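Throughout, residue positions are numbered sequentially from 1 according to the sequence presented. Everything numeric in this text was worked out from a predicted model, so none of it was measured. One-based numbering, in listed order, for ligands and for the atoms of each.
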Amino acid sequence: MIKLIVHANEVITMAGKGPRVGADMQKIGVIKNGAVLIDGQTIVAVDTLEQLKHSHPELVKQAQHIDASNQIVLPGFVDCHTHLVHGGTREDEFHMRLNGSTYMDIMNAGGGIHATTERTQQASFEELYNKGVRHLNQFLLHGVTTVEAKSGYGLNWETEGKQLLVSKKLHETHAVDVVSTFMGAHAVPKQFKGNEDAFVDVLVEEMLPKVAAQQLAEFNDVFCEHGVFTPAQSRKILEAGKKLGLVPKIHADEIEPYEGAELAAEVGAISAEHLLVASDQGIEDMAKAGTMAVLLPGTAFFLRAPFARGRLMIDAGVPVAISTDFNPGSSPTVNIQFIMNLACMNMGMTMEEVLTATTINAAYAINRGATVGSIEAGKKADIVILNVENYRQMQYFYGMNHTTTVLKNGEVVVRDGILV
Ligand code: NIG
Ligand code: FE
(Lines give C-alpha, C1' and ligand atoms only; values in the text may rest on other atoms or scores of the structure.)
(Ligands and ions follow the chains in the order given, each with its own letter.)
Protein backbone atom coordinates (compact mmCIF):
# COMPACT_ATOMS: atom_id res chain seq x y z
CA MET A 1 0.00 0.00 0.00
CA ILE A 2 1.37 3.41 -1.04
CA LYS A 3 0.53 6.38 1.18
CA LEU A 4 1.23 10.07 0.72
CA ILE A 5 1.04 12.59 3.54
CA VAL A 6 0.23 15.86 1.78
CA HIS A 7 -0.13 19.61 2.33
CA ALA A 8 1.72 19.69 5.66
CA ASN A 9 2.46 23.27 6.72
CA GLU A 10 5.86 21.95 7.77
CA VAL A 11 7.52 18.58 7.60
CA ILE A 12 10.28 18.44 10.21
CA THR A 13 12.55 15.76 8.75
CA MET A 14 15.48 15.64 11.21
CA ALA A 15 17.39 14.29 8.23
CA GLY A 16 21.15 14.08 8.47
CA LYS A 17 23.92 12.65 10.54
CA GLY A 18 23.31 11.67 14.15
CA PRO A 19 23.67 11.78 17.02
CA ARG A 20 23.66 15.57 16.82
CA VAL A 21 26.08 17.56 18.93
CA GLY A 22 26.43 21.28 19.68
CA ALA A 23 25.12 23.66 17.01
CA ASP A 24 23.97 20.69 14.89
CA MET A 25 21.18 20.11 17.42
CA GLN A 26 19.55 23.19 15.85
CA LYS A 27 19.27 21.45 12.46
CA ILE A 28 15.74 20.07 12.20
CA GLY A 29 15.21 20.21 8.42
CA VAL A 30 11.95 22.08 7.78
CA ILE A 31 10.15 21.51 4.46
CA LYS A 32 7.30 23.96 3.97
CA ASN A 33 4.21 22.56 2.26
CA GLY A 34 5.86 19.16 2.55
CA ALA A 35 4.82 15.66 1.62
CA VAL A 36 5.99 12.19 2.67
CA LEU A 37 5.76 9.18 0.37
CA ILE A 38 5.45 5.79 2.07
CA ASP A 39 5.57 2.30 0.58
CA GLY A 40 4.37 -0.35 3.03
CA GLN A 41 6.34 0.06 6.25
CA THR A 42 9.04 2.29 4.81
CA ILE A 43 9.56 5.94 3.91
CA VAL A 44 10.38 6.31 0.19
CA ALA A 45 10.89 10.06 -0.06
CA VAL A 46 10.17 13.39 1.62
CA ASP A 47 9.94 16.65 -0.30
CA THR A 48 7.38 19.10 -1.65
CA LEU A 49 4.48 17.50 -3.52
CA GLU A 50 5.68 19.11 -6.78
CA GLN A 51 9.11 17.50 -6.42
CA LEU A 52 7.67 14.10 -5.52
CA LYS A 53 5.46 14.21 -8.63
CA HIS A 54 8.64 14.55 -10.68
CA SER A 55 10.78 12.06 -8.79
CA HIS A 56 8.15 9.34 -8.18
CA PRO A 57 5.31 9.91 -10.69
CA GLU A 58 3.88 6.38 -10.62
CA LEU A 59 3.89 5.96 -6.86
CA VAL A 60 2.37 9.40 -6.32
CA LYS A 61 -0.47 8.56 -8.72
CA GLN A 62 -1.34 5.34 -6.87
CA ALA A 63 -1.00 6.74 -3.38
CA GLN A 64 -3.74 6.99 -0.82
CA HIS A 65 -3.64 10.55 0.59
CA ILE A 66 -3.40 11.54 4.24
CA ASP A 67 -4.20 15.22 4.53
CA ALA A 68 -2.02 17.27 6.88
CA SER A 69 -3.34 20.74 5.96
CA ASN A 70 -2.62 23.36 8.64
CA GLN A 71 -0.66 20.77 10.62
CA ILE A 72 2.97 19.73 11.07
CA VAL A 73 4.56 16.34 10.43
CA LEU A 74 7.37 14.91 12.55
CA PRO A 75 9.18 11.63 13.10
CA GLY A 76 7.37 9.57 15.76
CA PHE A 77 8.80 10.53 19.15
CA VAL A 78 11.29 8.16 20.78
CA ASP A 79 10.97 7.98 24.57
CA CYS A 80 14.39 6.60 25.45
CA HIS A 81 14.07 6.23 29.24
CA THR A 82 10.99 4.74 30.90
CA HIS A 83 10.10 2.34 33.69
CA LEU A 84 7.08 1.15 31.69
CA VAL A 85 6.33 -2.19 33.36
CA HIS A 86 5.41 -1.93 37.04
CA GLY A 87 2.62 -2.66 39.51
CA GLY A 88 0.50 -0.04 41.25
CA THR A 89 0.69 3.73 41.68
CA ARG A 90 2.18 6.02 44.37
CA GLU A 91 -0.11 9.03 44.68
CA ASP A 92 0.04 8.58 48.48
CA GLU A 93 3.78 9.37 48.39
CA PHE A 94 3.20 12.40 46.22
CA HIS A 95 0.74 13.56 48.87
CA MET A 96 3.45 13.00 51.54
CA ARG A 97 6.05 14.89 49.50
CA LEU A 98 3.71 17.85 49.16
CA ASN A 99 3.49 17.77 52.96
CA GLY A 100 7.27 17.93 53.38
CA SER A 101 8.77 14.40 53.06
CA THR A 102 11.60 13.89 50.58
CA TYR A 103 11.92 11.24 47.88
CA MET A 104 14.95 9.58 49.51
CA ASP A 105 13.39 9.67 53.03
CA ILE A 106 10.40 7.77 51.68
CA MET A 107 12.61 5.25 49.89
CA ASN A 108 14.86 4.70 52.93
CA ALA A 109 11.76 4.11 55.06
CA GLY A 110 10.81 1.22 52.80
CA GLY A 111 8.54 3.11 50.39
CA GLY A 112 9.44 4.51 47.00
CA ILE A 113 11.03 1.97 44.68
CA HIS A 114 10.49 -0.70 47.40
CA ALA A 115 6.74 -0.03 47.42
CA THR A 116 6.51 -0.47 43.67
CA THR A 117 8.72 -3.56 43.92
CA GLU A 118 6.21 -5.19 46.27
CA ARG A 119 3.33 -4.36 43.95
CA THR A 120 5.27 -5.66 40.95
CA GLN A 121 6.23 -8.88 42.72
CA GLN A 122 2.58 -9.46 43.63
CA ALA A 123 1.20 -8.71 40.16
CA SER A 124 0.61 -11.53 37.68
CA PHE A 125 2.13 -11.50 34.20
CA GLU A 126 -1.32 -10.68 32.78
CA GLU A 127 -1.88 -7.78 35.17
CA LEU A 128 1.49 -6.26 34.28
CA TYR A 129 0.89 -6.86 30.59
CA ASN A 130 -2.57 -5.28 30.62
CA LYS A 131 -1.30 -2.26 32.56
CA GLY A 132 1.59 -2.00 30.07
CA VAL A 133 -0.87 -1.98 27.17
CA ARG A 134 -2.83 0.85 28.78
CA HIS A 135 0.34 2.92 29.20
CA LEU A 136 1.57 2.18 25.67
CA ASN A 137 -1.81 3.28 24.31
CA GLN A 138 -1.36 6.57 26.18
CA PHE A 139 2.16 6.95 24.78
CA LEU A 140 0.90 6.34 21.25
CA LEU A 141 -1.87 8.91 21.68
CA HIS A 142 0.89 11.43 22.51
CA GLY A 143 2.84 10.58 19.35
CA VAL A 144 5.43 8.24 20.86
CA THR A 145 6.22 5.28 18.58
CA THR A 146 9.28 3.76 20.34
CA VAL A 147 9.94 3.45 24.07
CA GLU A 148 12.76 2.06 26.11
CA ALA A 149 11.57 0.04 29.13
CA LYS A 150 13.65 -0.77 32.20
CA SER A 151 13.11 -3.61 34.63
CA GLY A 152 14.14 -2.94 38.22
CA TYR A 153 10.95 -3.39 40.22
CA GLY A 154 11.62 -7.07 40.84
CA LEU A 155 15.01 -7.12 42.56
CA ASN A 156 14.80 -10.91 42.46
CA TRP A 157 15.12 -13.04 39.36
CA GLU A 158 11.53 -14.23 39.34
CA THR A 159 10.13 -10.71 39.07
CA GLU A 160 12.93 -9.11 37.03
CA GLY A 161 12.49 -11.92 34.50
CA LYS A 162 8.70 -11.44 34.58
CA GLN A 163 9.07 -7.71 33.86
CA LEU A 164 11.42 -8.35 30.94
CA LEU A 165 9.13 -11.01 29.49
CA VAL A 166 6.18 -8.59 29.78
CA SER A 167 8.23 -5.96 27.90
CA LYS A 168 9.07 -8.52 25.23
CA LYS A 169 5.41 -9.48 24.77
CA LEU A 170 4.40 -5.82 24.68
CA HIS A 171 6.98 -5.25 21.93
CA GLU A 172 5.67 -8.21 19.95
CA THR A 173 1.97 -7.40 20.30
CA HIS A 174 1.66 -3.60 20.59
CA ALA A 175 2.18 -1.04 17.83
CA VAL A 176 4.76 0.83 19.93
CA ASP A 177 8.25 -0.69 19.74
CA VAL A 178 9.64 -1.55 23.18
CA VAL A 179 13.42 -1.70 23.70
CA SER A 180 14.45 -3.50 26.89
CA THR A 181 16.96 -2.54 29.55
CA PHE A 182 17.81 -4.73 32.55
CA MET A 183 17.92 -2.65 35.72
CA GLY A 184 18.20 -5.20 38.50
CA ALA A 185 20.48 -2.63 40.15
CA HIS A 186 17.63 -0.18 40.72
CA ALA A 187 17.63 -0.56 44.52
CA VAL A 188 19.12 -2.86 47.15
CA PRO A 189 16.39 -5.25 48.36
CA LYS A 190 15.51 -4.79 52.03
CA GLN A 191 16.89 -8.22 53.01
CA PHE A 192 20.34 -7.19 51.68
CA LYS A 193 20.53 -3.98 53.73
CA GLY A 194 24.02 -3.79 55.26
CA ASN A 195 25.15 -6.55 52.91
CA GLU A 196 24.94 -4.67 49.61
CA ASP A 197 27.95 -6.38 48.03
CA ALA A 198 26.19 -9.73 48.34
CA PHE A 199 23.35 -8.38 46.19
CA VAL A 200 25.90 -7.07 43.67
CA ASP A 201 27.19 -10.66 43.48
CA VAL A 202 23.66 -11.95 42.84
CA LEU A 203 23.31 -9.46 40.00
CA VAL A 204 26.70 -10.28 38.50
CA GLU A 205 26.73 -14.04 38.98
CA GLU A 206 23.08 -14.99 38.64
CA MET A 207 20.85 -12.38 37.04
CA LEU A 208 23.04 -10.84 34.32
CA PRO A 209 24.02 -14.22 32.82
CA LYS A 210 20.32 -15.18 32.64
CA VAL A 211 19.37 -11.88 30.98
CA ALA A 212 22.07 -12.42 28.37
CA ALA A 213 21.43 -16.13 27.81
CA GLN A 214 17.69 -15.54 27.31
CA GLN A 215 18.32 -12.36 25.28
CA LEU A 216 15.90 -10.40 27.44
CA ALA A 217 17.60 -6.99 27.21
CA GLU A 218 20.11 -4.96 25.20
CA PHE A 219 21.17 -2.56 27.94
CA ASN A 220 22.24 -2.79 31.57
CA ASP A 221 21.40 0.17 33.84
CA VAL A 222 22.44 0.97 37.43
CA PHE A 223 21.08 3.53 39.94
CA CYS A 224 24.47 4.95 40.98
CA GLU A 225 23.39 7.09 43.93
CA HIS A 226 24.43 7.78 47.49
CA GLY A 227 22.72 5.09 49.60
CA VAL A 228 21.90 2.90 46.59
CA PHE A 229 24.89 1.64 44.52
CA THR A 230 28.36 3.17 44.92
CA PRO A 231 30.43 4.05 41.84
CA ALA A 232 32.62 0.98 42.56
CA GLN A 233 29.62 -1.35 42.76
CA SER A 234 28.10 0.26 39.67
CA ARG A 235 31.35 -0.20 37.74
CA LYS A 236 31.43 -3.89 38.68
CA ILE A 237 27.83 -4.46 37.54
CA LEU A 238 28.31 -2.55 34.27
CA GLU A 239 31.61 -4.26 33.42
CA ALA A 240 30.06 -7.67 34.08
CA GLY A 241 27.19 -6.80 31.73
CA LYS A 242 29.61 -5.61 29.06
CA LYS A 243 31.33 -9.00 29.03
CA LEU A 244 27.93 -10.54 28.28
CA GLY A 245 27.16 -8.09 25.48
CA LEU A 246 24.88 -5.77 27.48
CA VAL A 247 25.52 -2.09 26.76
CA PRO A 248 25.90 0.10 29.89
CA LYS A 249 23.57 2.93 30.88
CA ILE A 250 23.63 4.77 34.21
CA HIS A 251 21.14 6.65 36.37
CA ALA A 252 23.82 9.17 37.24
CA ASP A 253 24.03 12.16 39.58
CA GLU A 254 20.26 12.35 40.07
CA ILE A 255 19.91 13.36 43.71
CA GLU A 256 23.48 14.00 44.93
CA PRO A 257 26.70 14.47 42.90
CA TYR A 258 28.41 11.05 42.89
CA GLU A 259 30.74 11.04 39.86
CA GLY A 260 28.16 9.11 37.85
CA ALA A 261 28.82 11.13 34.68
CA GLU A 262 32.56 10.44 35.03
CA LEU A 263 31.84 6.74 35.44
CA ALA A 264 29.59 6.69 32.36
CA ALA A 265 32.40 8.10 30.23
CA GLU A 266 34.93 5.73 31.79
CA VAL A 267 32.98 2.51 31.18
CA GLY A 268 31.90 3.60 27.68
CA ALA A 269 28.19 3.79 28.55
CA ILE A 270 25.93 4.64 25.62
CA SER A 271 24.23 7.18 27.88
CA ALA A 272 24.17 8.72 31.32
CA GLU A 273 20.70 9.61 32.46
CA HIS A 274 19.24 12.29 34.79
CA LEU A 275 22.51 14.22 35.55
CA LEU A 276 20.65 16.84 37.60
CA VAL A 277 23.75 17.51 39.66
CA ALA A 278 26.49 16.26 37.29
CA SER A 279 29.88 17.91 37.85
CA ASP A 280 31.78 20.08 35.35
CA GLN A 281 34.41 17.33 35.11
CA GLY A 282 31.75 14.70 34.41
CA ILE A 283 30.27 16.82 31.63
CA GLU A 284 33.70 17.33 30.11
CA ASP A 285 34.40 13.59 30.28
CA MET A 286 31.08 12.81 28.60
CA ALA A 287 31.78 15.27 25.79
CA LYS A 288 35.17 13.63 25.16
CA ALA A 289 33.74 10.11 25.23
CA GLY A 290 30.64 11.04 23.19
CA THR A 291 28.33 9.76 25.93
CA MET A 292 24.70 10.75 25.35
CA ALA A 293 23.09 12.75 28.16
CA VAL A 294 19.50 11.59 28.60
CA LEU A 295 17.85 14.44 30.48
CA LEU A 296 14.54 13.98 32.27
CA PRO A 297 13.10 17.38 33.21
CA GLY A 298 9.80 15.82 34.30
CA THR A 299 11.62 14.25 37.22
CA ALA A 300 13.16 17.55 38.35
CA PHE A 301 9.70 19.14 38.01
CA PHE A 302 7.89 16.41 39.94
CA LEU A 303 10.56 16.08 42.67
CA ARG A 304 11.01 19.86 42.83
CA ALA A 305 14.74 19.31 42.28
CA PRO A 306 17.18 21.50 40.33
CA PHE A 307 17.03 20.92 36.59
CA ALA A 308 19.97 19.40 34.73
CA ARG A 309 22.27 21.92 33.02
CA GLY A 310 21.10 21.10 29.51
CA ARG A 311 22.28 24.36 27.94
CA LEU A 312 25.76 23.96 29.35
CA MET A 313 25.95 20.31 28.25
CA ILE A 314 24.99 21.14 24.67
CA ASP A 315 27.48 24.02 24.57
CA ALA A 316 30.14 21.69 26.00
CA GLY A 317 29.59 19.27 23.11
CA VAL A 318 27.60 16.54 24.85
CA PRO A 319 24.90 14.97 22.67
CA VAL A 320 21.58 15.45 24.51
CA ALA A 321 18.33 13.46 24.41
CA ILE A 322 15.29 14.09 26.58
CA SER A 323 12.68 11.69 27.81
CA THR A 324 9.74 11.33 30.22
CA ASP A 325 11.34 8.88 32.71
CA PHE A 326 7.76 7.56 32.96
CA ASN A 327 7.57 5.75 36.32
CA PRO A 328 5.20 5.64 39.31
CA GLY A 329 7.45 7.60 41.71
CA SER A 330 9.38 10.46 40.19
CA SER A 331 7.64 11.10 36.86
CA PRO A 332 4.19 9.62 36.28
CA THR A 333 3.54 11.14 32.86
CA VAL A 334 3.63 9.96 29.24
CA ASN A 335 3.33 13.50 27.85
CA ILE A 336 6.65 13.91 26.01
CA GLN A 337 5.34 17.20 24.55
CA PHE A 338 5.08 18.71 28.03
CA ILE A 339 8.55 17.34 28.85
CA MET A 340 9.91 19.20 25.82
CA ASN A 341 8.35 22.38 27.11
CA LEU A 342 9.95 21.87 30.54
CA ALA A 343 13.33 21.48 28.80
CA CYS A 344 12.80 24.79 26.99
CA MET A 345 11.61 26.64 30.06
CA ASN A 346 13.97 25.21 32.70
CA MET A 347 17.08 23.88 30.98
CA GLY A 348 17.64 26.67 28.47
CA MET A 349 17.13 24.44 25.44
CA THR A 350 15.76 25.86 22.20
CA MET A 351 12.63 24.68 20.39
CA GLU A 352 14.84 23.08 17.75
CA GLU A 353 17.07 21.33 20.27
CA VAL A 354 14.17 19.71 22.10
CA LEU A 355 12.89 18.31 18.80
CA THR A 356 16.32 16.82 18.09
CA ALA A 357 16.46 15.51 21.65
CA THR A 358 13.17 13.56 21.38
CA THR A 359 13.68 12.14 17.89
CA ILE A 360 17.06 11.47 16.30
CA ASN A 361 19.20 11.79 19.44
CA ALA A 362 16.75 9.75 21.51
CA ALA A 363 16.91 7.04 18.83
CA TYR A 364 20.71 6.97 19.13
CA ALA A 365 20.44 6.74 22.93
CA ILE A 366 18.89 3.28 22.46
CA ASN A 367 20.84 2.22 19.39
CA ARG A 368 17.97 2.79 16.96
CA GLY A 369 19.45 5.72 15.04
CA ALA A 370 19.69 3.76 11.80
CA THR A 371 15.97 2.91 11.65
CA VAL A 372 13.91 5.61 13.42
CA GLY A 373 14.14 9.21 14.66
CA SER A 374 14.00 10.99 11.31
CA ILE A 375 11.89 11.17 8.15
CA GLU A 376 14.34 9.90 5.55
CA ALA A 377 14.18 7.44 2.67
CA GLY A 378 14.65 3.90 3.93
CA LYS A 379 13.64 4.55 7.52
CA LYS A 380 10.57 3.06 9.20
CA ALA A 381 7.41 5.04 8.49
CA ASP A 382 6.91 6.05 12.15
CA ILE A 383 5.34 9.48 11.79
CA VAL A 384 3.24 11.83 13.88
CA ILE A 385 0.99 14.66 12.71
CA LEU A 386 0.37 17.50 15.18
CA ASN A 387 -2.48 19.95 15.07
CA VAL A 388 -0.38 23.14 15.15
CA GLU A 389 0.52 25.49 12.31
CA ASN A 390 4.29 25.43 12.90
CA TYR A 391 6.76 23.87 15.32
CA ARG A 392 6.99 27.04 17.40
CA GLN A 393 3.28 26.78 18.17
CA MET A 394 3.91 23.32 19.52
CA GLN A 395 5.80 24.76 22.51
CA TYR A 396 3.71 27.93 22.71
CA PHE A 397 0.47 26.00 23.32
CA TYR A 398 2.02 24.20 26.27
CA GLY A 399 0.82 21.30 28.38
CA MET A 400 -1.45 20.12 25.59
CA ASN A 401 -1.41 17.00 23.47
CA HIS A 402 -1.36 18.17 19.83
CA THR A 403 -1.38 14.69 18.28
CA THR A 404 -4.03 14.01 15.67
CA THR A 405 -2.55 11.20 13.56
CA VAL A 406 0.13 8.58 14.18
CA LEU A 407 1.56 6.18 11.63
CA LYS A 408 3.52 3.20 12.93
CA ASN A 409 5.34 1.07 10.36
CA GLY A 410 3.26 2.85 7.72
CA GLU A 411 -0.10 1.96 9.32
CA VAL A 412 -2.43 4.62 10.72
CA VAL A 413 -2.72 3.71 14.41
CA VAL A 414 -4.16 7.01 15.72
CA ARG A 415 -6.69 9.01 13.72
CA ASP A 416 -8.35 12.26 14.87
CA GLY A 417 -6.66 11.78 18.24
CA ILE A 418 -8.27 8.37 18.79
CA LEU A 419 -6.69 4.90 18.70
CA VAL A 420 -7.65 3.02 15.55
O1 NIG B 1 14.44 7.39 37.19
N2 NIG B 1 16.04 6.98 40.16
C3 NIG B 1 15.60 5.88 40.09
N4 NIG B 1 14.60 5.46 39.38
C5 NIG B 1 13.50 6.21 38.91
C6 NIG B 1 12.43 6.39 39.92
C7 NIG B 1 11.83 5.12 40.30
C8 NIG B 1 10.72 5.24 41.30
O9 NIG B 1 10.63 6.18 42.08
O10 NIG B 1 9.90 4.30 41.29
C11 NIG B 1 13.95 7.49 38.27
O12 NIG B 1 13.79 8.58 38.83
FE1 FE C 1 14.61 6.46 35.53
| task | Could you please spell out the steps behind the salt bridge (Lys or Arg N to Asp or Glu O under 4.0 Å) verdict for Lys236 and Asp201? | result | CA-CA 9 Å; Lys236 186 170 173 189; Asp201 290 341; 3.1 Å; yes
| message | Let's go through Lys379 and Ser374 carefully: what are the C-alpha distance in whole Å and the side-chain angles of both, what is the deciding distance for side-chain hydrogen bond (donor to acceptor under 3.5 Å, both in side chains) to 0.1 Å, and is it a yes or a no? | response | CA-CA 7 Å; Lys379 280 204 169 176; Ser374 62; 2.8 Å; yes
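In this view, Asp315 and Arg311 satisfy the salt bridge (Lys or Arg N to Asp or Glu O under 4.0 Å) rule, not counting sequence neighbours.
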Tell me which donor-acceptor pairs under 3.5 Å the side chains of residues 168-176 have, and how far apart each pair is, sequence neighbours excluded?
{"unit_1": "His171", "atom_1": "ND1", "unit_2": "Val178", "atom_2": "N", "d": "3.0"}
{"unit_1": "His171", "atom_1": "ND1", "unit_2": "Val178", "atom_2": "O", "d": "3.4"}
{"unit_1": "Thr173", "atom_1": "OG1", "unit_2": "Tyr129", "atom_2": "OH", "d": "2.7"}
{"unit_1": "Thr173", "atom_1": "OG1", "unit_2": "Lys169", "atom_2": "O", "d": "2.7"}
{"unit_1": "His174", "atom_1": "ND1", "unit_2": "Val176", "atom_2": "N", "d": "3.0"}
{"unit_1": "His174", "atom_1": "NE2", "unit_2": "Asn137", "atom_2": "OD1", "d": "2.7"}

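Within a radius of less than 2.8 Å around the Fe ion (ligand 2), the protein N, O or S atoms are His81 NE2, His83 NE2, His251 NE2, Asp325 OD1.
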Write out each pair where an N or O from ligand 1 and one from the protein are under 3.5 Å apart, with the distance.
{"unit_1": "ligand 1", "atom_1": "1 (O)", "unit_2": "His83", "atom_2": "NE2", "d": "3.3"}
{"unit_1": "ligand 1", "atom_1": "1 (O)", "unit_2": "His251", "atom_2": "NE2", "d": "3.1"}
{"unit_1": "ligand 1", "atom_1": "1 (O)", "unit_2": "His274", "atom_2": "NE2", "d": "2.8"}
{"unit_1": "ligand 1", "atom_1": "1 (O)", "unit_2": "Asp325", "atom_2": "OD1", "d": "2.9"}
{"unit_1": "ligand 1", "atom_1": "1 (O)", "unit_2": "Asp325", "atom_2": "OD2", "d": "2.9"}
{"unit_1": "ligand 1", "atom_1": "2 (N)", "unit_2": "Glu254", "atom_2": "OE1", "d": "2.6"}
{"unit_1": "ligand 1", "atom_1": "4 (N)", "unit_2": "His186", "atom_2": "NE2", "d": "2.7"}
{"unit_1": "ligand 1", "atom_1": "9 (O)", "unit_2": "Arg90", "atom_2": "NH2", "d": "2.8"}
{"unit_1": "ligand 1", "atom_1": "9 (O)", "unit_2": "Tyr103", "atom_2": "OH", "d": "2.5"}
{"unit_1": "ligand 1", "atom_1": "10 (O)", "unit_2": "Arg90", "atom_2": "NH1", "d": "2.9"}
{"unit_1": "ligand 1", "atom_1": "10 (O)", "unit_2": "Arg90", "atom_2": "NH2", "d": "3.4"}
{"unit_1": "ligand 1", "atom_1": "10 (O)", "unit_2": "Tyr153", "atom_2": "OH", "d": "2.6"}
{"unit_1": "ligand 1", "atom_1": "12 (O)", "unit_2": "Glu254", "atom_2": "OE2", "d": "3.0"}
{"unit_1": "ligand 1", "atom_1": "12 (O)", "unit_2": "Asp325", "atom_2": "OD2", "d": "3.1"}
{"unit_1": "ligand 1", "atom_1": "12 (O)", "unit_2": "Ser330", "atom_2": "OG", "d": "2.7"}

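Taking every heavy atom of both residues into account, His402 and Met394 meet most closely at NE2-O, 3.2 Å. Here the closest non-hydrogen pair linking Pro332 and Pro328 is CG-O, 4.4 Å. Across all their heavy atoms, Ser167 and Val85 have their closest contact at OG-CG2, 3.5 Å. Of all heavy-atom pairs spanning Val294 and Ser323, the tightest one is CG1-CB, 4.1 Å.
Ring centroid separation for the pair Phe326 and His86 comes in under the 6.0 Å cut-off.
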